[in-house]
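Report on the structure given below.
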Protein chains: 2
Amino acid sequence: MPKRVDHEQRRRQIGEALLRIASTRGLQSATMREVAAEAGVSLRLVQYYFHTKEQLLLAALAYLAEQLTARVSASIRALGPVTSRTVVYGTLTAVVPTDEESVRLTRAYTGFYTLVFSEPEMAERHGAAYPDKLESLLAKHIAAAQEAGEVAEDVDPALTAAALLALTNGLGSSVLGGQRNGAAALRILNDQLGRLFRDQDQGRENQDPLPVRATP
Amino acid sequence: MPKRVDHEQRRRQIGEALLRIASTRGLQSATMREVAAEAGVSLRLVQYYFHTKEQLLLAALAYLAEQLTARVSASIRALGPVTSRTVVYGTLTAVVPTDEESVRLTRAYTGFYTLVFSEPEMAERHGAAYPDKLESLLAKHIAAAQEAGEVAEDVDPALTAAALLALTNGLGSSVLGGQRNGAAALRILNDQLGRLFRDQDQGRENQDPLPVRATP
DNA sequence: CGCTTGATGATACGCTCGTATCACTATAAG
DNA sequence: CTTATAGTGATACGAGCGTATCATCAAGCG
């Protein structure tokens, strides 16, 4: 037998190459040949480790989910002691495309999300309960904050969690579409979060002179 | 000379065929040949009336914008006398994919929106100030409602308008992605709008037994 | 050592895409 | 009645795609 190479490492190398293409040139230009070139391997190798393109896409999606959860939990931890409030803030602000990493993640994620519009079979094969889990997690923490008196009583946790996630997704799209920059998106999100949590220093994020629109 | 056919009518027929494909099979399957078949004409005719595919896409996008504005203003009128409140409600609820028409429009719109991620040149060639105009319009009406005492004073009209539009876009995506149905999305939007406008009957939309999640 | 077998390279196949070419038709203008 | 020309059809071209085929290489086992 030959080299007995580490398959998982190779698959990762190729999968991350796909993610790199998806977050720069877009997922639709992530062809087998492009991925091979980006990963620095031959086309045959991509075929060897992923028998079909769908398998490659699914593997890359798993890697992306991994990176996303890592960023989210890092963002939560960065906010200090873990409370319901920091979980909600950390989770949502982590996925708004502000710095270079979040732009990369959002670009790649959006690519996969829109791919589902045309290939609904892929969603099933992936499980794809990711947004649903996030939503119920947020709802749980909003309810907890509500019982702690940090959130108004007339707030519906489930509806609000869904709204916050949809808002964050919409903000991400608007940044990727060039409608505004990440700082402006973050300001809009923080305004809503501040209103929800009735922060004493609510609106603090709006005092900086950054414009709401992107500077093209 | 031959028949002297009405060019504008033919272009419309072909452009709407593309929209029909975009809202059913997705914009990426709207190839020149598919559009020709859907419109009931030959491939050559599509090439004849639109020299290139980009011209076809731009024309179809214009038709889509036409239909969208028509639906929005119809939705506003349907809410009775035109006030700032009805403009905001009518505009936002009109673009949430609930009935068959709004699903069609949202699907097609999303297709074009995601196309811009890969072909940013198309956005420039189209002007594309559509979302920006909507946003400032909403901000204006929120500010007006604020002066009329219908909206709390600590609300930032610009930030809130942006948030509502992003929320609506995100809700549309979640419906298209199968995460929830149109009724649930509308309930989430109405919850936020009711909170913003401090409706006396706020939460009325939540009393029906419809589930927040879609029934798959 | 020699053979088996996992890993890799080169290349081809069949398809679809946007676009181009060439011929033909039928009508309005002169 | 011609005749130029707007409109239309059939078909081809070159490129890129995912996938398949075949040969080769090298390492471990008997």
Side-chain angles (χ1 to χ4, degrees), chain A residues 1-15 17-22 24-61 111-112 114-116 118-122 125, chain B residues 1-15 17-22 24-61 111-112 114-116 118-122 125:
Chain A
M1 303 158 187
K3 289 194 239 170
R4 306 300 325 234
V5 104
D6 183 345
H7 272 218
E8 180 49 32
Q9 169 192 324
R10 271 258 198 272
R11 290 169 60 90
R12 216 173 192 90
Q13 169 191 2
I14 297 175
L18 185 143
L19 291 182
R20 232 173 298 133
I21 295 179
T24 52
R25 277 160 286 171
L27 191 56
Q28 80 295 336
S29 18
T31 84
M32 299 288 267
R33 288 166 176 83
E34 290 268 347
V35 171
E38 175 73 29
V41 300
S42 74
L43 168 62
R44 182 67 181 84
L45 276 210
V46 181
Q47 290 187 264
Y48 184 74
Y49 291 103
F50 304 94
H51 292 50
T52 170
K53 185 177 186 180
E54 179 176 327
Q55 292 187 21
L56 169 58
L57 286 171
L58 287 175
L61 181 52
F112 279 100
T114 63
L115 184 66
V116 174
S118 44
E119 322 277 344
E121 319 99 19
M122 244 197 70
R125 257 184 276 278
Chain B
M1 304 157 183
K3 289 194 241 170
R4 306 304 321 240
V5 104
D6 184 344
H7 273 217
E8 181 48 35
Q9 168 191 325
R10 271 256 197 273
R11 289 169 61 90
R12 219 178 189 88
Q13 169 191 1
I14 297 174
L18 184 143
L19 291 182
R20 233 173 298 135
I21 295 178
T24 52
R25 278 161 285 171
L27 191 56
Q28 81 296 338
S29 15
T31 84
M32 298 289 267
R33 288 166 176 84
E34 290 268 348
V35 171
E38 175 72 30
V41 300
S42 74
L43 168 63
R44 181 67 181 85
L45 277 210
V46 180
Q47 290 187 265
Y48 185 74
Y49 291 103
F50 304 94
H51 292 50
T52 170
K53 187 178 186 181
E54 179 177 328
Q55 292 188 22
L56 169 58
L57 286 171
L58 287 176
L61 181 52
F112 279 100
T114 64
L115 184 66
V116 175
S118 44
E119 321 277 345
E121 320 99 20
M122 243 197 70
R125 255 184 277 277

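Lettering follows sequence order; numbering is per chain, from 1.
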Judged by nearest nucleotide, the residue sitting upstream toward the 5' end of DNA chain C, A:Ser42 or A:Arg33, is A:Ser42

State whether B:His7 places a side-chain N or O below 4.0 Å from either non-bridging phosphate oxygen (OP1 or OP2) of D:dG7. yes

Rounding to an integer number of Å, can you tell me how far [X] [atom1] sits from [N] [atom2]?
X       : N      : atom1 : atom2 : value
A:Met32 : C:dT11 : CE    : C1'   : 16 Å
A:Arg25 : D:dC17 : CZ    : P     : 11 Å
B:Arg10 : D:dG7  : CZ    : C1'   : 9 Å
B:Gln28 : C:dC17 : CD    : P     : 11 Å
A:Leu45 : C:dT8  : CG    : P     : 5 Å
B:Leu43 : D:dG7  : CG    : P     : 18 Å

Starting at CG of A:Leu57, measure out to CG of A:Leu115 and round the result to the nearest 0.5 Å. 6.0 Å

Listed by chain and number, what are the side-chain hydrogen bond (donor to acceptor under 3.5 Å, both in side chains) partners of B:Gln47, not counting sequence neighbours? none

In residues 48-56 of chain A, which ones come under 4.0 Å of DNA chain C, going by heavy atoms? A:Tyr48, A:Tyr49

Residue pairs passing the side-chain hydrogen bond (donor to acceptor under 3.5 Å, both in side chains) test where at least one lies in residues 51-60 of chain B, sequence neighbours excluded: B:Glu54-B:Arg125

Can you figure out which of D:dA20, D:dA10, C:dT19 approaches the side chain of B:Arg44 most closely? D:dA10

Do you know the tightest heavy-atom contact between A:Ile14 and A:Leu56? CG2-CD1, 4.0 Å

